[in-house]
Amino acid sequence: MNKNSDCSIMLDDLFQSSTSSLLLVAVLVLLVLHVFYFRIGAQDQEKEPPGPKPFPLLGNLLQVDLKRLDRSLFDLSKEYGPVFTVYFGLKKVVVLAGYRTVKQALVNHAEEFGDREVTPIFYDFNKGNGIIFSNGETWKEMRRFALTTLRDFGMGKRISETRIIEECRYLMEEFEQYEGKAFNPRKEISYATSNIIAAIMFGKRFEYKDPDFQDMVERDHKSIILTGSASILLYNMFPWLRPFLKNWWDLMKNVEHNIKDTKSILTDLKETLNPEMCRCFIDAFLTRKLNLEESKIENSQYHDENLIYSVINLFAAGSDTTGTSLQWCLLFITKYPHIQDQVQEELSRVVGSRQVQVDDRKDLPYTDAVIHESQRLANIVPMSIPHKTSRDTIFQGYSIKEGTTVFPLLTSVLYDESEWESPRTFNPSHFLDEGGKFIRRDAFMPFSAGRRACLGESLARMELFLFFSFLLQRFRFTPPPGVTEDELDITPVVGFTLNPQPFDLCAVSRQ
Ligand code: HEM
């Protein structure tokens with residue numbers, strides 16, 4: 001028998017055995033599937049989120065309304081799905097839309113979607129220092145320090161409650177001075193909410209009439225509006241436009257002024273620092289810095305830039321947002337007097353004329369629902385603050401490269417048609433069960449979610465509840481004479497946050 005015949009016998013043998021044939025077929029099928037799977041897999045991995053076709057240089061700028069970007073992007077999500085790409089000039093942005101997708105990205109893929117996109121204007125603000133517009137070690141250490149220190153100084157605890165109630169009285173006195181006549185409550189409300197964060201940061205509250213305090217609060221408000229302006233959005237896409245943009249110059253003036261003010265407060269506190277008795281956030285930071293210096297620990301994040309920008313961040317993030325939300329609450333209950341009736345009926349029945357406390361919240365489901373619904377409909381941070389992917393990611397079958405800008409579209413969560421029964425109307429029942437008990441809703445996400453979620457949420461929620469209930473116990477809010485409830489405009493002024501149009505109301509004493 002020659003070699004060939006040996007071989008043919010072997011093959012014959014193989015094919016004659018049915019078991020072996022089956023095995024061979026199975027191996028072949030697996031091989032084909034393997035190749036097929038990885039080809040498809042590779043294609044999938046390269047599949048980027050879909051989106052409208054971009055024009056050269058301009059990208060999709062002509063297909064979106066920069067004055068109401070969140071709405072435009074929400075509309076595009078209906079065409080392109082919950083994960084899609086848009087180009088702002090050459091800048092590629094992946095937009096996440098709808099509760100399910102935003103939650104999946106920010107919570108289940110927290111690490112990948114948890115970096116901050118430091119746009120040119122954000123870099124100009126803080127030069128990579130502080131909490132909001134930083135990343136890496138700086139962010140990690142500053143966020144951790146801020147959270148523990150805010151808690152030490154009472155965030156979410158009774159000490160904050162006492163301070164907020166004290167501030168409620170100052171605010172009430174301001175409202176009383178108008179004796180039921182029409183006024184715009186915006187500034188007084190901002191002063192009140194700013195004083196809560198000021199007490200934690202600087203260890204003191206300011207008089208509402210103090211011109212420096214007024215300046216500081218007003219500057220932050222203006223900066224937030226300017227940051228969301230169309231010209232600053234353009235600057236972020238085409239940074240070379242900078243010298244020609246008045247809004248950029250105005251913003252930089254505000255930044256300089258904020259640094260100057262913070263440094264002056266810092267100097268006063270340094271002179272009287274007693275590490276054994278910290279009075280505020282700044283004292284706690286300076287003490288930590290001293291301790292690290294004494295232990296000769298290098299590469300510390302505890303330097304003056306991080307202190308100054310963290311203070312500026314917390315003050316700006318903590319005051320205007322809460323003040324704006326409270327303004328929306330008052331605007332909504334003035335526009336919908338039957339809802340105000342029910343809040344006041346509940347407050348009279350449950351609390352009466354005594355001082356309202358945080359503990360009362362569980363017995364005030366309707367009041368709580370009205371505050372939640374105001375935050376939902378007002379949607380004050382509509383696109384959150386931009387994120388960035390920290391590494392290459394496959395998300396919902398799409399490939400997203402490391403360093404891609406991501407917009408978690410909070411508008412699309414708070415107005416998600418598959419989550420809310422009547423997303424575009426003011427309906428406190430969204431937060432009530434059939435028996436009138438308060439119900440939490442997962443899609444209630446005005447503070448965003450995941451590792452970058454708002455770190456002042458518990459303080460903001462306490463403030464909103466106490467300020468709102470306190471004011472509603474004491475005042476009946478009505479539109480100015482000659483204006484009907486229907487005429488009160490709830491279309492927002494669009495900035496980085498959504499603010500109510502300037503509005504007047506009357507605060508008529510109930511006592
Ligand atoms: C009703 C009031 C407030 C609202 C609606 C709000 C909302 C938000 C939102 C949407 C973000 C962006 C989260 C993200 O990037 O995904 C944020 C971040 C932040 N908020 Fe708030 N916020 C409020 C009050 C406060 C208060 C009272 C403080 C301070 C005590 C605060 C401090 C911060 C800080 C420091 C960040 C940046 C977090 C980070 O980058 O790690 N906020 N907030």
Side-chain angles (χ1 to χ4, degrees), residues 49 51 64 68-86 93-110 112-114 116-117 228 317 321-322 324-325 328-329 332 368-389 395-396 398 400 405-432 438-458 460-461 464 490 492 494-499:
V64 292
R68 200 60 217 266
L69 192 53
D70 66 312
R71 285 282 163 91
S72 282
L73 296 177
F74 193 18
D75 290 344
L76 285 176
S77 75
K78 294 186 180 135
E79 208 173 318
Y80 295 99
V83 186
F84 65 98
T85 311
V86 275
V93 173
V94 168
V95 182
L96 305 172
Y99 163 67
R100 206 182 66 83
T101 297
V102 171
K103 188 195 161 215
Q104 192 185 5
L106 299 190
V107 178
N108 305 349
H109 295 255
E112 296 95 309
F113 287 96
R116 178 70 71 223
E117 165 67 8
T321 45
T322 318
T324 302
S325 305
W328 277 112
C329 291
F332 286 133
D368 207 8
V370 167
I371 297 169
H372 278 74
E373 181 63 354
S374 300
Q375 279 200 274
R376 185 194 70 78
L377 198 68
N379 172 33
I380 70 159
V381 198
M383 299 191 294
S384 189
I385 306 174
H387 287 223
K388 184 175 77 173
T389 43
F395 183 68
Q396 294 192 1
Y398 296 117
I400 307 174
T405 309
V406 174
F407 285 181
L409 197 60
L410 296 185
T411 301
S412 68
V413 180
L414 297 173
Y415 285 57
D416 189 331
E417 278 142 23
S418 52
E419 293 292 327
W420 306 99
E421 293 70 33
S422 55
R424 287 176 193 276
T425 52
F426 188 78
N427 176 9
S429 306
H430 283 138
F431 295 92
L432 295 167
F438 181 83
I439 42 169
R440 287 185 187 285
R441 300 292 301 262
D442 291 339
F444 177 73
M445 226 189 246
F447 298 98
S448 189
R451 71 205 280 257
R452 282 283 180 171
C454 175
L455 64 74
E457 174 172 349
S458 64
R461 280 165 42 77
L464 287 178
I490 54 172
V494 182
F496 189 65
T497 55
L498 299 183
N499 290 257

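Quick note: numbers below take in every heavy atom, side chains included, and nothing from hydrogens, waters or symmetry partners.
In this structure the side chain of Q375 reaches within 4.5 angstrom of the side chain of L464, judged on heavy atoms. Taking 4.5 Å as the limit, some side-chain heavy atom of I490 sits within range of a side-chain heavy atom of W328. Side-chain contact between V406 and K388 is absent, with no heavy atoms from C-beta onward closer than 4.5 Å. Counting heavy atoms from C-beta outward, D368 and F431 have side chains that stay 4.5 Å or more apart. Residues P382 and F74 form no side-chain contact, since every pair of their non-hydrogen atoms from C-beta on lies 4.5 Å or further apart. Proximity of P82 to L96: side-chain heavy atoms (C-beta onward) are nowhere separated by under 4.5 Å. The shortest side-chain heavy-atom distance between R452 and S384 does not fall under the 4.5 Å cut-off. A 4.5 Å side-chain heavy-atom check between P492 and N499 finds every atom pair outside the cut-off.
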Please test Q396 against T101 for side-chain hydrogen bond (donor to acceptor under 3.5 Å, both in side chains), starting from the C-alpha separation and ending with a verdict.
CA-CA 9 Å; Q396 294 192 1; T101 297; 3.2 Å; yes

Please evaluate residues T85 and Y80 with respect to the criterion side-chain contact (heavy atoms from CB on, under 4.5 Å), reporting the C-alpha separation (whole Å), side-chain torsions for both, the decisive distance (0.1 Å), and the verdict.
CA-CA 9 Å; T85 311; Y80 295 99; over 6 Å; no

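A salt bridge does not link D442 with R440: none of the charged nitrogens is closer than 4.0 Å to a carboxylate oxygen. Ionic pairing of R376 and E419 is not present here: no N-O contact between side-chain nitrogen and carboxylate oxygen is shorter than 4.0 angstrom.
Interatomic distance, S412 OG to K78 NZ, rounded to the nearest 0.5 Å: 9.0 Å. One distance of note links CZ of R461 with OG of S458; it measures 8.5 Å at 0.5 Å rounding. Summarising the geometry, atom CG belonging to L409 is positioned 10.0 Å from atom CG belonging to L76; distances are rounded to the nearest 0.5 Å. In this structure, L410 CG and D416 CG are separated by 12.0 Å, a value rounded to the nearest 0.5 Å. Between the CG atom in N379 and the CE atom in M445 there is a gap of 12.5 Å [rounded to 0.5 Å]. Rounding to the nearest 0.5 angstrom, the gap separating the CZ atom in R116 from the NE2 atom in H387 is 5.0 Å.
Between F444 and H372, the angle of the ring planes lies from 30° to 60°, which puts this pair in the tilted group. The aromatic rings of H109 and F113 lie perpendicular to each other, with more than 60° between the two planes, well past the 30° mark.
For the residue pair A443 and V413, the shortest heavy atom distance occurs at O-CG1, 3.4 Å.
Here the side chain of H430 pairs a donor or acceptor atom with the backbone of S422 at under 3.5 angstrom.
Figure legend: cation-pi geometry between R71 and Y415, with NZ or CZ positioned under 6.0 Å from the six-membered ring centre and within 45° of its axis.
Listed by chain and residue number, V86, F88, K91, V95, T405, F407 satisfy the side chain to side chain contact (heavy atoms under 4.5 Å, CB included) test with V93 (two or more places apart in sequence, or in another chain).
Atom CZ of R451 has more than 12 heavy atoms from other residues, nucleotides or ligands within 6.0 Å.
Side chains of S72 and D70: no donor on one and acceptor on the other come within 3.5 Å.
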